[in-house]
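Below, each value reflects all heavy atoms present in this structure, side chains not excepted, and no hydrogens, waters or symmetry copies. Throughout, protein chains are lettered first and strands after them, A, B, ... in sequence-line order, and every chain is numbered starting at 1. Treat the numbers as computed from the prediction; the structure is a model and nothing was measured.
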Amino acid sequence: KAGVTQTPRYLIKTRGQQVTLSCSPISGHRSVSWYQQTPGQGLQFLFEYFSETQRNKGNFPGRFSGRQFSNSRSEMNVSTLELGDSALYLCASSYGQGALTGELFFGEGSRLTVL
Amino acid sequence: GIQVEQSPPDLILQEGANSTLRCNFSDSVNNLQWFHQNPWGQLINLFYIPSGTKQNGRLSATTVATERYSLLYISSSQTTDSGVYFCAVGGLGGTASKLTFGTGTRLQVTL
């Protein structure tokens, strides 16, 4: 079956703009979470959605937001982009949530460059 | 939150050698996974192993949850094994799905 699909794969923005990234989870998976990877901070958890509700949130400013739709697809948005937002953004899906999460599967990522 | 430490940070091996990567974590976990990150950035699942031992071909992993560590064994390494290996853990209850990643072990396998 198809894996986790992220779009776009690459994008370039300028400071002050906003960006929306999309993630389609594995069919049947209801949990979607987002991670940011940078050379300096490594892989960091952004937030998790399950049944259209945010269940966990990492330590990121309010400029980072997300949502999940009824078909489990998720989007994340970053507003007022800063140079430091340049990163690989990874989406993961799993069947359950919390203690019933099980294994997480990651997409190929969206690589954002902010100029 | 949970702290995750991986060792060694860097490892250079000749093809055919064996290696052991270690992951220490600071608290009880409900979720532990090992990943290999390919050159394009995708995290490839190796093992989902919150406890016990698993094997998959030349790779095997053991997690001793009571002592808060996990080991990834790579035997007869090949150049295609090169890359960064990450250990990631999720805590108890509702935080099991919130993975905390280690800083990774960068493996280079040479001919």
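- A:Tyr35 touches chain B through its side chain: at least one heavy atom from C-beta onward sits under 4.5 Å away, while N, CA, C and O do not.
- Heavy atoms of A:Gln6 lying under 4.5 Å from chain B are absent altogether.
- Residue A:Arg15 places its CZ atom among 12 or fewer non-hydrogen atoms of other residues, nucleotides or ligands, all under 6.0 Å distant.
- With a threshold of 4.5 angstrom between heavy atoms, A:Leu104 approaches chain B through its backbone and through its side chain.
- If you measure heavy-atom distances from A:Glu48 to chain B, the contacts under 4.5 Å come from the side chain alone.
- Proximity to chain B (any heavy atom under 4.5 Å) is shown, for A:Leu43, by both the backbone and the side chain.
- B:Phe35 has its side chain within reach of B:Asn45: a pair of non-hydrogen atoms, C-beta onward, lies under 4.5 Å apart.
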Just distance, no hydrogens or angles: give the donor-acceptor pairs under 3.5 Å from side chains in residues 8-23 of chain B, sequence neighbours left out.
unit_1, atom_1, unit_2, atom_2, d
B:Asn18, OD1, B:Ser76, N, 2.8
B:Arg22, NE, B:Asn24, OD1, 2.9

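- The backbone N or O of B:Ser75 sits less than 3.5 Å from a side-chain atom of B:Arg58, completing a donor-acceptor pair.
- Considering only residues two or more places apart in sequence or on other chains, A:Asn71 meets the side chain to side chain contact (heavy atoms under 4.5 Å, CB included) condition with A:Phe69, A:Arg73.
- Listed options A:Gly107, A:Ser31, A:Ser94, A:Gly58 were ranked by heavy-atom pairs under 4.5 angstrom with chain B; first place goes to A:Gly107.
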